[in-house]
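Here's the structure we're looking at; comments come further down.
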Amino acid sequence: MLTIILSIIGGIGLLLLVGLLVAWRFSHAVSAKASAAIPPKGHFTEVAGGRLHWIEKGEGRPVVMIHGLAGNLHNFTYAMVDRLAAAGYRAIAIDRPGCGWSERDTDEQARIPEQARMIAEMLAKEGIERPLLVGHSLGGAVSLALALNHADQVGGLALVSALIKAPETPSEAFSGINVANPGMRRFVSETLAIPMSIRNGAKTLAIVFGPDAAPEDFRFRGGGLLSLRPKAFYAAATDMHAVGLDMDAITARLSEISVPVGLFYGLEDRILSAPEQIAALTEALPEADVETMEERGHMPPVIEPDRLQIFIERMAGKLG
């Protein structure tokens with residue numbers, strides 16, 4: 001009887017091992033196809049702790065766009081870069097460290113102040129002086145850290161659906177990446193993450209964009225396919241963990257920010273609570289320029305580019 005039980009256990013273990021191997025091969029095959037479909041098209045700048053990928057278009061006052069959690073610079077090239085370039089700005093979109101085609105050396109570079117430092121170093125190296133930072137979601141938190149820790153390099157902040165205060169409960173959209181242990185994070189990213197992301201993709205996009213509908217071309221034009229890579233899952237999960245480590249300290253210092261600050265929010269945002277985030281900013285910075293949209297969600301750079309452009313240009317006009 002014991003022999004039979006051990007045989008069954010061994011058989012189950014072998015099946016699990018084979019299943020994980022299949023998942024690993026599938027994940028890396030999908031990753032290769034996604035990478036080939038959306039290759040890097042911009043500049044690379046080496047900084048301490050990694051290198052940053054970024055694109056630019058147009059001439060004039062620099063506007064630097066920083067994307068959110070699990071995103072990449074294509075969230076801005078979808079609509080905003082061309083519009084701002086045509087309006088007379090030097091429109092720059094950055095892949096945050098570890099995201100898109102940017103790289104970071106260790107998990108330490110996922111910390112929000114470290115991401116801000118790396119971007120500040122890139123701006124200095126490339127001679128991009130005192131830009132207006134357009135920070136979306138987690139990119140908003142990175143923008144706040146830039147304004148706090150590298151104030152001489154920032155002209156102003158135009159925050160969009162921004163993370164101002166750590167939410168008590170993460171959005172359901174990110175439940176799959178809420179993996180605190182680095183070893184487990186790596187294991188999941190290399191095996192189960194990509195099959196599960198494909199299975200749950202439509203549901204996740206519905207939350208991220210809701211109540212708006214996600215554009216059918218977002219996976220290609222908006223860079224969504226780049227999330228179907230093990231390294232993208234690992235980076236997003238590590239970024240999410242960093243929010244819990246760093247956000248309280250950033251929120252506590254908001255009143256120190258001296259540059260013009262604006263905040264643009266959809267009141268039906270399903271990723272972050274608009275009232276909670278707006279209150280956290282205006283309590284510290286009562287003069288902040290706040291604009292809200294009824295019946296709109298978390299992705300104005302894709303869904304509401306016309307209104308967002310007007311907001312960004314208004315904030316650019318407040319810079320000295």
Side-chain angles (χ1 to χ4, degrees), residues 63-69 71 94 96 110-120 123 130-171 174 239-294 296-301 307-308 310-320:
V63 176
V64 173
M65 291 164 270
I66 306 173
H67 65 83
L69 182 65
I94 300 175
R96 283 190 299 101
R111 300 292 295 270
I112 295 173
E114 264 296 284
Q115 294 197 45
R117 179 200 60 76
M118 293 173 73
I119 293 173
L123 296 176
R130 296 185 63 81
L132 176 69
L133 299 181
V134 179
H136 177 236
S137 195
L138 178 57
V142 174
S143 298
L144 291 170
L146 271 155
L148 288 167
N149 299 335
H150 310 276
D152 60 332
Q153 292 181 250
V154 177
L157 303 180
L159 307 171
V160 185
S161 308
L163 175 65
I164 310 295
K165 175 183 178 181
E168 292 185 9
T169 304
S171 169
F174 301 128
D239 286 342
M240 187 171 178
H241 181 61
V243 170
L245 298 175
D246 298 323
M247 206 61 220
D248 287 351
I250 292 171
T251 305
R253 295 180 58 201
L254 291 178
S255 61
E256 299 175 24
I257 296 175
S258 58
V259 298
V261 179
L263 181 61
F264 188 89
Y265 241 106
L267 293 178
E268 299 300 319
D269 195 310
R270 296 178 182 177
I271 298 298
L272 295 166
S273 166
E276 178 183 62
Q277 300 300 321
I278 292 169
L281 182 72
T282 55
E283 181 179 347
L285 298 168
E287 301 302 316
D289 184 335
V290 178
E291 180 174 344
T292 60
M293 300 179 297
E294 300 285 345
R296 284 291 181 264
H298 191 67
M299 296 297 289
R307 284 190 62 179
L308 183 55
I310 293 170
F311 168 75
I312 291 172
E313 293 198 49
R314 184 168 77 242
M315 292 307 303
K318 297 183 180 187
L319 274 59

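What you see is a predicted model; the values in this text were computed from it and never measured.
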Stepwise side-chain contact (heavy atoms from CB on, under 4.5 Å) test for Ile112 and Leu144: CA-CA 9 Å; Ile112 295 173; Leu144 291 170; over 6 Å; no

Salt bridge (Lys or Arg N to Asp or Glu O under 4.0 Å) partners for Arg96, two or more places apart: Asp239

Beyond-backbone contact of Val154 with Pro131, side-chain heavy atoms, under 4.5 angstrom: no

Partners passing side-chain contact (heavy atoms from CB on, under 4.5 Å) against Ser171 (at least two apart in sequence or in another chain): Ala173, Phe174, Ile207, Ile271

Contacts of Ala166 that satisfy side-chain contact (heavy atoms from CB on, under 4.5 Å) - sequence neighbours left out: Val243, Met247, Asp248

Pairs involving residues 160-169, ordered by first then second residue, that meet side chain to side chain donor-acceptor pair (under 3.5 Å) (sequence neighbours left out): none

Set of side-chain hydrogen bond (donor to acceptor under 3.5 Å, both in side chains) partners for His298, sequence neighbours left out: Ser137, Asp269

All side-chain hydrogen bond (donor to acceptor under 3.5 Å, both in side chains) counterparts of Glu114, not counting sequence neighbours: Arg117

Salt bridge (Lys or Arg N to Asp or Glu O under 4.0 Å) partners for Glu313, two or more places apart: none

Qualifying residues under side-chain hydrogen bond (donor to acceptor under 3.5 Å, both in side chains), relative to Arg111, sequence neighbours excluded: Asp246

Point-to-point distance, once rounded to the nearest 0.5 Å, from CG of Leu146 to CG of Leu123: 7.0 Å

In residues 255-264, what donor-acceptor pairs under 3.5 Å come from side-chain atoms, sequence neighbours left out?
from	atom 1	to	atom 2	distance (Å)
Glu256	OE1	Arg253	NE	3.2
Glu256	OE1	Arg253	NH2	3.0
Glu256	OE2	Arg253	NE	3.3

